[in-house]
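Below is one structure, written out as structure tokens; the observations come after it.
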Amino acid sequence: MSPYSDLGEVEPNSAGFSDIDKSKDTQYFVDFVDRVRLEKGVKEGKELSFSLLRLRPGDAVLDVGCGAGDDVLSLAKIVGESGRAIGIDNSEAMVSEARRRAAQSTAANAQFLLGSIYHIDFPDQTFNGVMADRVFQHLEDPHKAFTEVVRVAKKGNGRIVVHDPDWDSLVIDSEFKEVTRKITKARSDWLKNGKAGSRVYGMFKEAGLANVTISGWSPIFTDYNYSFQHLQLEKASRDAAEEGLISVEERAKWVADLRKKGEQGRFFAAFTAFIAAGTRP
Ligand SMILES: C[S@@+](CC[C@H](N)C(=O)[O-])C[C@H]1O[C@@H](n2cnc3c(N)ncnc32)[C@H](O)[C@@H]1O
């Protein structure tokens, strides 16, 4: 038995959300976004993102990296039958799930396309609003992607909203402070752009957007089993051990401590995510 498989969590593909279709188990990712969507803070974050888009009936709105499509279906209701809500994702598995959900909904004005954020297949200035929810953390070249996002927003009043965590902000109450730091570093570094959240404000300002605002919020986790899954601490601690940042024994002690805290009902972890919004001048 591998010394790392004690938590029973599966991480089916090292490319993760950057290239879901490489995975043998694409349903894992659909289930993951569905689970996250149920969290209270995520719901509130999405409501804030929608309001920051300042959409009106008849508008055209784009959700890049739309995942299983639920946000597009909500946006379709906001822009109404005279508007258009488009979702783009680079995963066929996600786009087909989004289309399946759309077919079961009443939203005739929602459309899903397979495509990359790096080459958005729409002319300049097509959309009144463009959003990306927890996508930039998975991008190798966020600057190139953001240039594309800005390009398809309308000049003068096109709104852009980006929501992402900064994984360096992950805190966990553990008896092993240094081991925790090494594991959270591994957790942040395995993502292509784990610091996305703290970079979005600068990215909006550098692009010359107007009326730039930034909000932050901290999802808090007190359920040990859920947190290990959601925060992918199995993979993070395994990576830290495999990279030699911590020993296998240190990892085992770290996990045992958190498991005990879970049993005692005093497990605690949290991170910070940010929502930037701005207008294309
Ligand atoms: C964490 S999920 C979030 C999905 C959705 N926005 C939500 O809030 O549920 C990130 C999504 O970004 C997509 N993605 C990753 N890299 C992408 C790229 N280069 N172009 C388009 N979509 C991408 C993934 O396939 C995945 O569906």
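These values consider heavy atoms only, across backbone and side chains, with no hydrogens, waters or symmetry-generated copies. Counting convention: from 1, in listed order, for ligands and their atoms alike. Each residue takes its place number in the sequence, starting with 1.
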> What part of L139 sits under 4.0 Å from ligand 1 if we count only heavy atoms: the side chain, the backbone, both or neither?
Replying inline: side chain
> When you look for heavy atoms under 4.0 Å from ligand 1, do you find them on the side chain of D71, its backbone, both, or neither?
Replying inline: side chain
> Which distance, rounded to the nearest 0.5 Å, do you find between the CG of N193 and the CG of L139?
Replying inline: 7.0 Å
>> Regarding ligand 1, does R134 bring an N or O atom to under 3.5 Å of one of the ligand's N or O atoms?
In response: yes
> Is A68 near ligand 1, meaning one of its heavy atoms is under 4.0 Å from it?
Replying inline: no
>> Below 4.0 Å, non-hydrogen atoms only: which portion of C66 touches ligand 1? Side chain, backbone, both or neither.
In response: backbone
> Quick one: do R159 and D59 make a salt bridge, cutoff under 4.0 Å?
Replying inline: no
> Any heavy atom of V64 sitting closer than 4.0 Å to ligand 1?
Replying inline: no
>> For D257, is there an ion pair with K261 - N to carboxylate O distance below 4.0 angstrom?
In response: yes
>> Is the contact between M94 and ligand 1 made by the side chain, the backbone, both, or neither, using heavy atoms and a 4.0 Å cut-off?
In response: side chain
> Is I117 touching ligand 1 with its side chain, its backbone, both, or neither, if touching means heavy atoms under 4.0 Å apart?
Replying inline: both
> Salt bridge check: are R181 and E178 linked by an N-O gap of less than 4.0 Å?
Replying inline: yes
> Can you tell me if K46 has a non-hydrogen atom under 4.0 Å from ligand 1?
Replying inline: yes
